[in-house]
2 protein chains.
Amino acid sequence: MIAEAQTEVVIKEKAKILFFQKGVLNATTQEIADEAGVNRALIHYYFRSREHLMDLLLEEIVTAKKNRKRAILLAEVPFRQKIANYIEDALEQGLQYPYLENFIITETARNPEKVNLFCFKDKLRSSELIKDQLEAEIRKGALPPISAEHFMVNLVSMCNYPLLAKNVIRNVHGMSDSTYHQFLLERKEVILKTLFTNPH
Amino acid sequence: MIAEAQTEVVIKEKAKILFFQKGVLNATTQEIADEAGVNRALIHYYFRSREHLMDLLLEEIVTAKKNRKRAILLAEVPFRQKIANYIEDALEQGLQYPYLENFIITETARNPEKVNLFCFKDKLRSSELIKDQLEAEIRKGALPPISAEHFMVNLVSMCNYPLLAKNVIRNVHGMSDSTYHQFLLERKEVILKTLFTNPH
DNA sequence: TTTCTGTTTAACAAAATTGTTAAACCGTAA
DNA sequence: TTACGGTTTAACAATTTTGTTAAACAGAAA
């Protein structure tokens, strides 16, 4: 075996850029090959079919994300800090792969049965992981009453949506690329404050 | 002219269902024709090309949405009520066309220059429309300090994302179809509370 | 009835996309 | 050097998808 530049890995990495960074959710095999700078046939040589490559990419990236989120939510730190960590990770991951969420959404819209396959076999159930701590905060009066599900959905929504809707937001609010980036960094604090503003 | 069943309108309506309700963002002309129950050639007869139909659909639905949002934000009502109206409209519109946002996001990801074309020629700039009222609320102490941009992005994120991510959320939190629907209705109040919890 | 016009259809053509294959390539080791 | 292995390429085949067209159809009006 030669594999000097690890073509297989290059293809996967470049494909992730195309799908999850650039948001070309229906990229053709030719586009993937161009992005990776290789002959199109190599995609079939290494990955059999386009579909097979897609499944592989998705599984890799979702697994990585899942593990990170799990570690963050299981860590023994104060609740507010835990959520701050979650936001930090979501935005960092999101800056790297803004369209991952979009990809999952689109794929699960077309074939809802695939959700189980590539997503959540082991039932992370993030709301379960924060439930006790959240309820304790509410009892302390540090948070207004809210269910764990709604809290998590609020959190994930405010983290992911602005990344997804980059071009829309930039246009609506007339932001340059750097202004938008600055805006995203500000959001780390904004989201935390929005979730944690103390009840009166 | 005959046009008994208004084939042209039927095609557009059914295509909207396919794209914006069912989320089949890369539906083929055959799929559109099937959904509308007509011969595929009729799509070209009435709309010249697939692309032309797409642009038309998008413009129609975005214009409608824009007008509704504009009316809501320009209405002379107390701020909190105005935002409640916005949420109500976003969720109702979202329940009808959950994948409209996804469509816009995906299209603008692939060709960012198209944003201007189908989206915001007249610069709605929703954050401008609420800026004065929002700042007045903050001065009154009814709201914690936040910029109009972040406030709007928080609002839109919490409204749109859960609609987009229906299948993901249902899976992660193990919700039945009716449970999810109930969850969405609850969110009207939840989003409002999350945005408006008084600062201490 | 016949003609006319707009609508619909089936069949065809063209383009794009995926998947296959045989040959070329290129290090390495005999 | 030669032979061998995995790798890469160009060319081809099959399929899918878009777009075109000529003919069929159906109601209205002469």
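FYI, side chains are in, hydrogens and waters are out, and symmetry mates aren't considered; it's all heavy atoms of this structure. Sequence lines set the chain letters: A, B, ... in the order given, protein chains first and strands last, and positions in each chain run from 1.
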Whole angstrom is fine here: how far is it from [atom1] in [X] over to [atom2] in [N]?
| X | N | atom1 | atom2 | result |
| --- | --- | --- | --- | --- |
| A/Asn26 | C/dA16 | CG | C1' | 13 Å |
| A/Gln30 | D/dA11 | CD | C1' | 14 Å |
| B/Asp34 | C/dT9 | CG | P | 12 Å |
| A/Arg50 | C/dT20 | CZ | P | 15 Å |
| B/Asn39 | D/dA22 | CG | C1' | 14 Å |
| B/Ile43 | C/dT7 | CD1 | C1' | 15 Å |
| B/Ile32 | D/dT17 | CD1 | P | 12 Å |
| A/Phe47 | D/dT7 | CZ | P | 12 Å |

Q: State whether the side chain of B/Glu31 and the backbone N or O of B/Thr28 hold a donor-acceptor pair below 3.5 Å, judged by distance alone.
A: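 At least one qualifying donor-acceptor pair exists.
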Q: Verify, without hydrogens or angle tests, whether B/Arg80 (side chain) and B/Leu192 (backbone) share a donor-acceptor contact under 3.5 angstrom.
A: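 No.
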Quick check for you: among [options], whose closest atom lies nearest to any side-chain atom of [X]?
| X | options | answer |
| --- | --- | --- |
| B/Thr28 | D/dT17, C/dA10, D/dA10 | D/dT17 |
| B/Tyr46 | C/dG19, D/dT8, C/dT8 | C/dT8 |
| B/Tyr45 | C/dT18, D/dT9, C/dT7 | C/dT7 |
| B/Ala41 | D/dT18, C/dT18, D/dT20 | D/dT20 |
| A/Leu42 | D/dT18, C/dT18, D/dT8 | D/dT8 |

Q. Any side-chain N or O of A/Thr7 less than 4.0 Å from the OP1 or OP2 oxygen of D/dT8?
A.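 For A/Thr7, the contact criterion (side-chain N or O under 4.0 Å from OP1 or OP2 of D/dT8) is met.
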Q. Any ion pair linking B/Glu92 and B/Lys188 (charged N to carboxylate O, less than 4.0 Å)?
A.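 The answer is yes: the pair qualifies as a salt bridge.
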Q.
Once you measure the plane-to-plane angle for B/Phe196 and B/Phe151, does it fall in the parallel (<30°), tilted (30-60°) or perpendicular (>60°) bin?
A.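 B/Phe196 vs B/Phe151 ring planes: perpendicular.
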(Q) Run the side chain to side chain donor-acceptor pair (under 3.5 Å) test on B/Gln133 and B/Lys82 for me, step by step, so that the C-alpha distance in whole Å, both residues' side-chain angles and the decisive distance to 0.1 Å come before the verdict. (A) CA-CA 10 Å; B/Gln133 241 177 336; B/Lys82 183 179 284 190; 2.8 Å; yes
Q: Could you say whether B/Arg40 or B/Gly37 is positioned toward the 5' end of DNA chain C, judged by the nucleotide with the nearest heavy atom to each?
A: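 Nearer the 5' end of the strand: B/Gly37.
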